[in-house]
Amino acid sequence: MTVQMDKMTQEAMDFTRNLGISIQNMREAGEIDAGVTPKTVIYEEDKLKLYRYQPLADIVQNKIPTLIVYALVNRHYMTDIQEDRSTVQGLLETGQDLYVIDWGFPDRSDRFLTMDDYINGYIDQCVEVIRRRHKLQKINILGICQGGTFSLCYTTLHADKVQNLITMVTPVDFHTEDNHLTKSAKYLDIDLLVDTIGNVTGDMMNASFLAMQPFRLMGQKYVDAVDILQDKNKMKNFLRMEKWIFDSPDQAGETFRQFLKDCYQNNALVKGELKIGGQLIDLGTLTLPILNIYGEKDHLVPPSASKALKDHVGTRDYSEISFNGGHIGIYVSGGAKKQIPPAIGAWLNERTAS
Amino acid sequence: MTANAFSDGLASIVQWQNQYLENMKSLFPGATPPRASNPWSAMFDGFSSGTNQQGVANNPFGDGLQNQIALMMKMTRNFTDNIESALTAAQQSGEQWQSTISKSLDEMQANFSSPQAPGFSSMNFSGPWNESWMAWQQLFNPSSAHTSVNPWPVNPWAEMNPMSSSSGFPNLTGKWPTMPGLGPDREKFEKFQRLQSLGHDYMTASFEFNEQYRNFWPHIIERLKSRIQDTTQSSDGPAPSARTLYNLWIDAAEEEYATITGQDSYQQAYGRMINAMMALRQASTVLQDDLLKAMNIPSMRELDTLSERLQRTRRENRGLRAELQALRDEISAINQAVSSRQDSSTTPRQKTSARKKTTRTKAAATKSV
C-alpha cells in the first residue's frame, strides 16, 4: 500500500490553513495601489497626460531626459508597480530624468484615432514639450511593446529629435514562427471587426491574451495564489498585478485596424511597407544608438520578433540585452530590477557623456 | 413564458457545464468525499462565487471572461475532488494508487470519447465572444415590446445555440419566411432575411470551431497518464500529492491546447467563427440603429460620423498648429538675426533712424489693412 494518507492529510491541512489566512488577508487588503513613484503632470491633451517622475535629489542627473512610450494595451504603471520592483525607480537611481505618457482610456469618440495621430500627433507633441522644457534638440525615447513599435516609427520620421532609442519587448518582425498572436489574427477580417465594434475593448484583448494559456492563466494561477496570499506583502503584489492585468483601456478602432493589418497580418514594418501619415517607415534610416531588450520567455512578443530589429536598422551602435523572463517579468521581477534598469542607465549615461 | 434567447443561451451554458461536471463525478461513483472534507472544494466554491460578480453584469464580454474563470475553477474543483476520491478509494481497497488512478483515467477517456460527450464546448473558449452575441440577441426578444426590433411574434434566435455540441445545431430551415417582402416594410424585411442568412453562417462557423476540439479531453487524459508515469517512474513509489496531479493535468491540458491552436486548420476555423459573428453583429446594428432613429435617439452610425469629422478637424488643427509654430520659430529666428546684426553694426544715431523707419512701415501696413 503506497498511498500516504498522512501526506494527503497534511497537504489538505496546509491548504486549509493557507486558505483561511488568505481570505482574512483579502478582507483586510484595502485599496490596491499601483504606480508608486511621485510624478507631476507636465502636459495634457485630450485623454493623454504627460508625467515627469520626481528625480532623486542626491543623484547626478543625465542631461538628456528620457520619454517612456508605453503600449496602448493596459497601463503604463507596469513600469512602476511597487517600490521594490519598479523599473522607474531603478532608472531614477541611475540619474535618468524620466517622463511617461499615460494614454488614458479611449472611448467611442476616439475611435478614429490613427497610428498617425498617436505617432505624429501625441508622441511628437510630448517630445516637443520636453524639448522646450529642457531647451534641447534631442531627447531619449524608451518604447515598450506596442509603444516600442510606435517609437521606432516615430524615430524614423523624426530622427532629428531623438538622441538614443531603447526598445523593450518590442515586436518588429511579426511573422516569426513562434508568434502565437500573429497566428490567432491570421484569418480575422480586421476591417469587418473594427467596422462592427468600433474600438476593441480591453476585455476582448484580455480574452485573446488569456486564451494563449487558458488553463494556467485562468485556473492554475489562482490555485497557486492560495500559497502566497497568506503573506500580506506577497498578497499586495499579487493583487497589484491582478489590477494591472485587468485595468485595460479599449484600443482606438482605427489604430487597431492598422496595427493588426499592417503589422500582424502583413508584416509591413520589416518589409519597409508601413506608412504613417503617408510616409514610409524605413528602419534602415535609423543610425542613432539603439538598445533592444527582450524577454527569453516572452509568450506575447517572442524573442525572435524583437531580435529581428538588428537586421533592419542602419545604426552601427546597436546593443541587445536578453532577460531570462517573460513579457511582464522583465518589469516586475526581482531579477529584472537588478539587471535591466542599471543596464539601461549605464548605456544611456555612456552615450550622453560622449 | 416567452422564450428568451439570452437566458436560454445562458441556461444552455449552465446545462453543458453541469453535464460536464456530472460526467466527471460519474467516473467515481460513491467515492466523492463530503465537500467539507476537501479544502480544495471549499476554496473553489468560494472562488467561483467570488468571481461571479453580479454587480458588474452590464458588460457581456467581460462577464463572459469572468464566467470562463469561474468555470475553470469549477473544473479544477471537480478534478481535485476526483483525484482525492480515487486516492482515498485506493487506500480503502488496498489497491495500488497507480492502478486506481489509471483505471479512473481510462474510464474518463472512454467517456469523453463517446459521441455524447460534451467535448470542448463544455469549456468553450469562444464563450466570451458568444456571450457578446447572446447579449445582443436581447434585441430579438419579442417580450421586450418597447425595445425589440423583432418583427415576428417568436424569437427565431432562441433555437440558435452557438454552444451546439457534436450532435450538431438545429436545422432552422423553414423557420423564417424566405420569399421576398412586399409593401412599405419590404426593405426592413430584407434586412431580417439577411440576418437569417448570417445567423446560419455564424452557427455553422461556430459548430466547425467547436469541432476542432472533438478529441480535446481524451487527448489530455492520454497526456496526463503519460506524465503521471514519467513523474512516478517506479510503480510502487509513493502517491504524488493532489496538487502535483493537478499541476500535471494543467501541463497536459496546455500542451494539448497549444497543439490544437497551433494548427492552421484551427486558425482558419477561429477566423471564420469571429468573422461570421462580426458580420451578424454588423447586420444587427443596422436594425438597432433603425430602432434608435425611431425613438429619436442618436444612432451609433451618427455618432461615428460625428467622431470621424471631429477627428479630421483635430488632425487639421494639429497641422495648422505645427505650421503656426514653424512660422513663429522662423519669425523669432529672423528677429534674432536682425537684432544681433543691428547690435553689432549700428550706431545709436542709426538705431533711431531705424526705429523711425519701422514706425513708418507699421503705419503703412495699418493703412493697407
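Chain letters run A, B, ... following the sequence lines, proteins first and then strands; every chain starts at 1.
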task = Go through the side-chain N and O atoms of B/Y257 and B/Y213 and say whether any donor and acceptor fall under 3.5 Å apart.
result = no
query = How about A/N25 and A/Q230: does a side-chain donor come under 3.5 Å of a side-chain acceptor?
reply = no
query = Among A/I190, A/D195, A/D116, who wins on heavy-atom pairs under 4.5 Å with chain B?
reply = A/D116
Proximal component of A/D227, with respect to chain B [non-hydrogen, under 4.5 Å] = side chain
message = For A/E31 and A/K243: C-alpha separation, side-chain torsions, deciding distance, then whether salt bridge (Lys or Arg N to Asp or Glu O under 4.0 Å) applies.
response = CA-CA 11 Å; A/E31 195 178 343; A/K243 173 185 169 71; over 6 Å; no
note = Bottom line for B/Q311: the part with an atom under 4.5 Å from chain A's heavy atoms is side chain
query = By a 4.5 Å heavy-atom criterion (distance strictly below it), what part of A/Q125 contacts chain B: side chain, backbone, both, or neither?
reply = side chain
message = Looking at B/R301, is its backbone amide N or carbonyl O close enough to the side chain of B/D289 to form a donor-acceptor pair, meaning the two atoms are under 3.5 Å apart?
response = yes
request  = Over 60° means perpendicular and under 30° means parallel, so classify the ring planes of B/Y270 and B/Y266, tilted if in between.
outcome  = parallel
key: Check: A/F174 main-chain N/O paired with A/N267 side-chain donor or acceptor under 3.5 Å   = yes
inquiry  = With a 4.5 angstrom heavy-atom cut-off, is it the side chain or the backbone of B/A279 that approaches chain A, or both, or neither?
reply    = both
message = Between A/E45 (side chain only) and A/L50 (backbone N and O only), is there a donor and an acceptor less than 3.5 Å apart?
response = no
ask   = Should A/D117 and B/R314 be marked as a salt bridge (Lys or Arg N to Asp or Glu O under 4.0 Å) after you check the CA-CA gap, both sets of side-chain angles, and the distance that decides it?
value = CA-CA 9 Å; A/D117 294 321; B/R314 286 160 84 187; over 6 Å; no
request  = Flag the one option from B/A269, B/G271, B/A322, B/A258 with the top tally of heavy-atom pairs under 4.5 Å to chain A.
outcome  = B/G271
Between A/Y43 and A/E128: side-chain donor-acceptor atoms closer than 3.5 Å = no
ask   = Do any of residues 177-186 of chain A have a heavy atom less than 4.5 Å from a heavy atom of chain B, and if so, which, in residue order?
value = A/K183, A/S184, A/K186
inquiry  = Counting only non-hydrogen atoms closer than 4.5 Å, can you tell me which residues of residues 104-115 of chain A sit against chain B?
reply    = A/R108, A/S109, A/D110, A/R111, A/F112, A/L113, A/T114
message = Can you classify the ring geometry of B/W249 versus B/W217 as parallel (below 30°), tilted (30 to 60°) or perpendicular (above 60°)?
response = parallel
query = Quick one: does A/H175's side chain have a donor or acceptor within less than 3.5 Å of a partner on A/Y264's backbone?
reply = yes
ask   = With only heavy atoms counted, which part of B/R321 is less than 4.5 Å from chain A, the side chain, the backbone, both or neither?
value = side chain
query = Which heavy-atom pair separates A/M204 from B/R281 by the least distance, and what is that distance?
reply = CE-NH1, 4.2 Å
Top contributor to chain A contacts, counting heavy-atom pairs under 4.5 Å, from B/Q325, B/Q282, B/Q268, B/R318 = B/R318
ask   = In terms of side-chain geometry, is the basic nitrogen of A/K138 or A/D160 positioned less than 4.0 Å from the acidic oxygen of its partner?
value = no
